[in-house]
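Numbered from 1 within each chain, the chains take letters A, B, ... in sequence-line order. What you see below is based on every heavy atom in this structure, not just the backbone, and it leaves out hydrogens, waters and symmetry mates.
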Protein chains: 2
Amino acid sequence: MRQKKTSAGHVTVLERLRAAGLRPTRQRMALAKLLFARGHRHVSAEQLFNEAKAQRVDVSLATVYNALHDFTAKDLLREISIDSSSSYFDTNIGNHHHFYFERSGRLEDIADDQVQIAALPEPPGGAEVSRVDVIIRVKA
Amino acid sequence: MRQKKTSAGHVTVLERLRAAGLRPTRQRMALAKLLFARGHRHVSAEQLFNEAKAQRVDVSLATVYNALHDFTAKDLLREISIDSSSSYFDTNIGNHHHFYFERSGRLEDIADDQVQIAALPEPPGGAEVSRVDVIIRVKA
DNA sequence: TCTCAATTTAGAATAATTCTAGACTACCTT
DNA sequence: AAGGTAGTCTAGAATTATTCTAAATTGAGA
Ligand SMILES: [Mn+2]
Ligand SMILES: [Mn+2]
Ligand SMILES: [Zn+2]
Ligand SMILES: [Zn+2]
């Protein structure tokens with residue numbers, strides 16, 4: 001067992017932060033709870049900031065950005081830029097793809113095995129691939 | 001034959017604009033020439049504005065944005081947002097995919113037939129797919 | 001040539017994000 | 001249990017891509 005689990009079977013927020021080498025400050029703990037409490041999410045900085053306010057979590061917008069970027073750097077989140085207006089942070093860091101609903105700007109996960117790629121070209125100059133993103137843009 | 005061709009075999013910029021229902025103004029003509037002169041390109045508004053300046057084409061930045069959006073609305077261009085810092089406009093409007101070089105921010109086309117997708121899920125609620133984008137992110 | 005909607009433009013406005021620099025705090029050492 | 005210090009937080013300013021405004025210009029049909 002590499003990380004402690006709660007009786008419910010999930011890793012606590014405190015342990016997640018510690019494991020990532022991030023100090024578990026009051027702000028990071030609160031934001032991490034909002035992010036990882038249940039299920040996977042695609043959330044913008046502004047959205048998370050508003051959720052925090054709604055729950056009387058006193059945290060500045062700058063800290064929300066700092067936390068999102070710190071979490072991303074430590075692979076607790078993945079950043080996604082599809083719409084140029086703002087970026088999303090994805091709590092699902094495993095291999096997967098997305099539906100993008102053009103009207104609402106919402107993202108929905110597609111499990112990795114739902115997409116089967118039979119052929120992909122090699123990057124020029126033998127460069128290393130960091131990730132392959134498949135985005136199905138939907139008129140809705 | 002649906003459009004006139006030059007002796008070299010390509011459709012003139014004037015005819016492209018007319019066919020799209022866009023007035024061929026001095027500014028649009030100049031920008032269209034820069035965009036479509038040779039080969040496919042991925043260009044930002046700022047880049048195009050600078051090219052125009054370099055060639056002494058007197059055009060405002062607002063007009064560059066207007067033209068890029070008008071061209072996109074009329075399917076002469078496709079807009080791509082991969083990097084949240086700015087969007088690119090692609091002169092290749094046919095089906096194709098992209099390499100994205102993370103260090104430089106550059107995009108490179110992948111021909112449609114180089115990517116073979118064996119399985120793709122249906123959008124929920126039977127919504128219509130407007131496009132499937134495959135982006136191979138490369139560490140280079 | 002006359003007319004007018006379409007287009008252009010300078011400059012202001014907007015909005016997401018980042019930066020600055022001083023205050024605060026988690027946590028290691030003693 | 002203090003003290004010291006690097007790490008973190010934050011208000012507010014700054015940055016930057018993009019859009020908006022409103023007045024001037026212009027393309028194209030009558
Ligand atoms: Mn970012
Ligand atoms: Mn745009
Ligand atoms: Zn996702
Ligand atoms: Zn392309």
**OP:** Answer yes or no: is there a donor N or O on one side and an acceptor on the other, between the side chain of T72(B) and the main chain of L68(B), under 3.5 Å?
**Re:** yes
Original post:
So which one's nearest nucleotide on DNA chain C is more toward 5', E46(A) or A62(A)?
Top reply: E46(A)
Original post:
For dA28(D), does OP1 or OP2 lie under 4.0 Å from any side-chain N or O of R23(B)?
Top reply: no
**OP:** Round to a whole Å and report the spacing from CD of Q47(B) to C1' of dA17(D).
**Re:** 13 Å
**OP:** Hey, can you tell me if F36(A) and F71(A) have their rings parallel, tilted or perpendicular (30° and 60° cut-offs)?
**Re:** tilted
**OP:** To the nearest Å, give me how far apart NZ (K53(A)) and P (dT10(D)) are.
**Re:** 13 Å
**OP:** Please report, rounded to the nearest Å, how far the C1' atom of dT7(C) is from the CG atom of L17(B).
**Re:** 13 Å
**OP:** Let me know the distance between CG of L48(B) and P of dA17(D), rounded to the nearest Å.
**Re:** 15 Å
Original post:
Going through the distances and angles, do D112(B) and H96(B) end up as a side-chain hydrogen bond (donor to acceptor under 3.5 Å, both in side chains)?
Top reply: CA-CA 4 Å; D112(B) 192 40; H96(B) 70 288; over 6 Å; no
**OP:** Please state whether the phosphate of dT18(D), meaning OP1 or OP2, lies under 4.0 angstrom from any side-chain nitrogen or oxygen of S87(B).
**Re:** yes
Original post:
Taking the nucleotide of DNA chain D with the closest heavy atom to each, which residue, Q27(B) or Y65(B), is nearer the 5' end?
Top reply: Y65(B)
Original post:
Once you round it to whole Å, what is the distance between P of dT9(C) and CG of L68(B)?
Top reply: 13 Å
Original post:
Is the shortest side-chain N/O distance from T63(B) to OP1 or OP2 of dT9(C) below 4.0 Å?
Top reply: yes
Subject >> Contact nearer the 5' end of DNA chain D, comparing R18(B) with S44(B) >> reply: S44(B)
Original post:
Think R28(B) has a side-chain N or O under 4.0 angstrom from the OP1 or OP2 of dT7(C)?
Top reply: yes
Subject >> Presence of T25(A) side-chain N/O under 4.0 Å of dC9(D) phosphate oxygens OP1/OP2 >> reply: yes
**OP:** Report yes if at least one side-chain N or O of H69(A) is closer than 4.0 Å to OP1 or OP2 of dT17(C); otherwise report no.
**Re:** no
Original post:
With a 4.0 Å cut-off on heavy atoms, is D58(B) in touch with a base, just the backbone sugar-phosphate, or nothing at all?
Top reply: sugar-phosphate
Original post:
Are the charged groups of R137(A) and E128(B) less than 4.0 angstrom apart, N to O?
Top reply: no
**OP:** Let me know the distance between CG of L22(B) and P of dA5(C), rounded to the nearest Å.
**Re:** 19 Å
Original post:
Taking atom C1' of dT9(C) as reference, at what distance in whole Å does atom CG of N66(B) sit?
Top reply: 9 Å
Original post:
Can a cation-pi geometry be assigned to R78(A) and F89(A), taking NZ or CZ under 6.0 Å from the six-membered ring centre and within 45° of the ring axis?
Top reply: no
**OP:** Calculate the interatomic distance between L61(A) atom CG and dC19(C) atom P; express it in whole Å.
**Re:** 14 Å
